[in-house]
Every structure is written in C-alpha cells, then in structure tokens.
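Data block below; observations after.
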Amino acid sequence: MPTLLDVITIDDLSAFVDGQADGDLSEAIEELELQDDRCAETLGAFMAQNALLHRALDPMKDEPTPKRLLDLIRSHTDGAA
C-alpha cells in the first residue's frame with residue numbers, strides 16, 4: 001500500500017513552499033512533515049532555497065524590463081500567430 005510520501009511529488013512540495021498548494025494538499029504535507037524526517041528535510045531545503053531566491057531577485061522585480069530584451073522578444077514574436 002503506498003504511503004503519503006509515495007503520492008506527494010516534488011511539484012507538490014514546491015507548490016506548498018510557494019503557498020500555491022490547495023488546503024487538502026497543504027494539510028497532507030504538514031502531516032507528512034511531522035511524520036517523516038526526509039520530507040521535513042526536503043521542505044527545509046526548499047524553504048531555504050526560496051528565501052535565497054527572494055533575497056536575490058526581489059529587489060529587481062519592480063524594475064522595468066530592459067529595452068534590449070523587449071526588442072529581442074518583439075523580434076521573435078513579430079508575425080507569429
């Protein structure tokens with residue numbers, strides 16, 4: 001019989017850490033975290049990585065997109081339908 005850890009995926013854990021998991025999934029992961037050291041360790045690593053990414057990238061999130069990047073995107077999408 002599969003355990004909860006066999007059913008929850010890395011994508012599910014990522015969604016949980018990002019606050020995107022639905023209520024049932026969040027409850028299941030929270031329960032599993034308490035019961036399974038491997039899950040707790042994985043979640044801890046995901047949360048640490050998430051915090052590092054936010055520290056590194058959040059200062060840039062409100063900056064305007066560079067014109068050269070917009071031009072490059074436009075050059076690849078012009079005429080595409």
Side-chain angles (χ1 to χ4, degrees):
M1 173 182 283
T3 67
L4 197 52
L5 189 56
D6 296 323
V7 179
I8 292 176
T9 67
I10 294 295
D11 288 341
D12 294 333
L13 295 177
S14 293
F16 175 80
V17 169
D18 290 338
Q20 301 298 313
D22 66 31
D24 290 340
L25 179 59
S26 289
E27 287 179 24
I29 291 173
E30 288 169 358
E31 181 181 322
L32 183 60
E33 181 182 16
L34 296 174
Q35 297 172 1
D36 187 282
D37 291 340
R38 187 172 59 152
C39 179
E41 186 177 306
T42 300
L43 278 174
F46 277 31
M47 289 177 180
Q49 179 184 41
N50 202 18
L52 285 171
L53 288 169
H54 277 285
R55 266 199 308 274
L57 300 176
D58 280 356
M60 294 181 270
K61 70 181 179 184
D62 293 324
E63 291 182 10
T65 304
K67 182 182 179 318
R68 66 182 174 4
L69 181 57
L70 290 173
D71 291 343
L72 180 63
I73 293 169
R74 287 185 189 114
S75 74
H76 286 281
T77 57
D78 285 347

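The shown structure was predicted, so the numbers you read here are calculated from the model rather than taken from an experiment.
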Shortest non-hydrogen separation from Cys39 to Leu13 and the atoms involved: SG-CD2, 4.3 Å
Hphob cluster co-occupancy, Val17 + Ile10, side-chain heavy atoms under 4.5 angstrom: yes
Crowding at CG, Asp58 (>12 non-hydrogen neighbours, <6.0 Å): yes
Flag, side chain of Ser26 to backbone of Gly23, donor-acceptor distance under 3.5 Å: no
Ile8 CD1 to Asp36 CG distance, which is reported to the nearest 0.5 Å: 9.5 Å
With Leu53 via side chain to side chain contact (heavy atoms under 4.5 Å, CB included) - residues at least two apart: Gln49, Leu57
Rounded distance [0.5 Å steps], CD in Gln20 versus CG in Asp11: 13.0 Å
Reported CD1-to-CG distance for the pair Ile29 and Asp12, which is rounded to 0.5 angstrom: 5.5 Å
Atom pair CG (Asn50) and CZ (Arg55), whose distance is rounded to the nearest 0.5 Å: 10.5 Å
Please report, to 0.1 Å, the donor-acceptor pairs under 3.5 Å made by any side chain of residues 59-70, with sequence neighbours excluded.
| from | atom 1 | to | atom 2 | distance (Å) |
| --- | --- | --- | --- | --- |
| Lys67 | NZ | Asp71 | OD1 | 3.4 |
| Lys67 | NZ | Asp71 | OD2 | 2.7 |

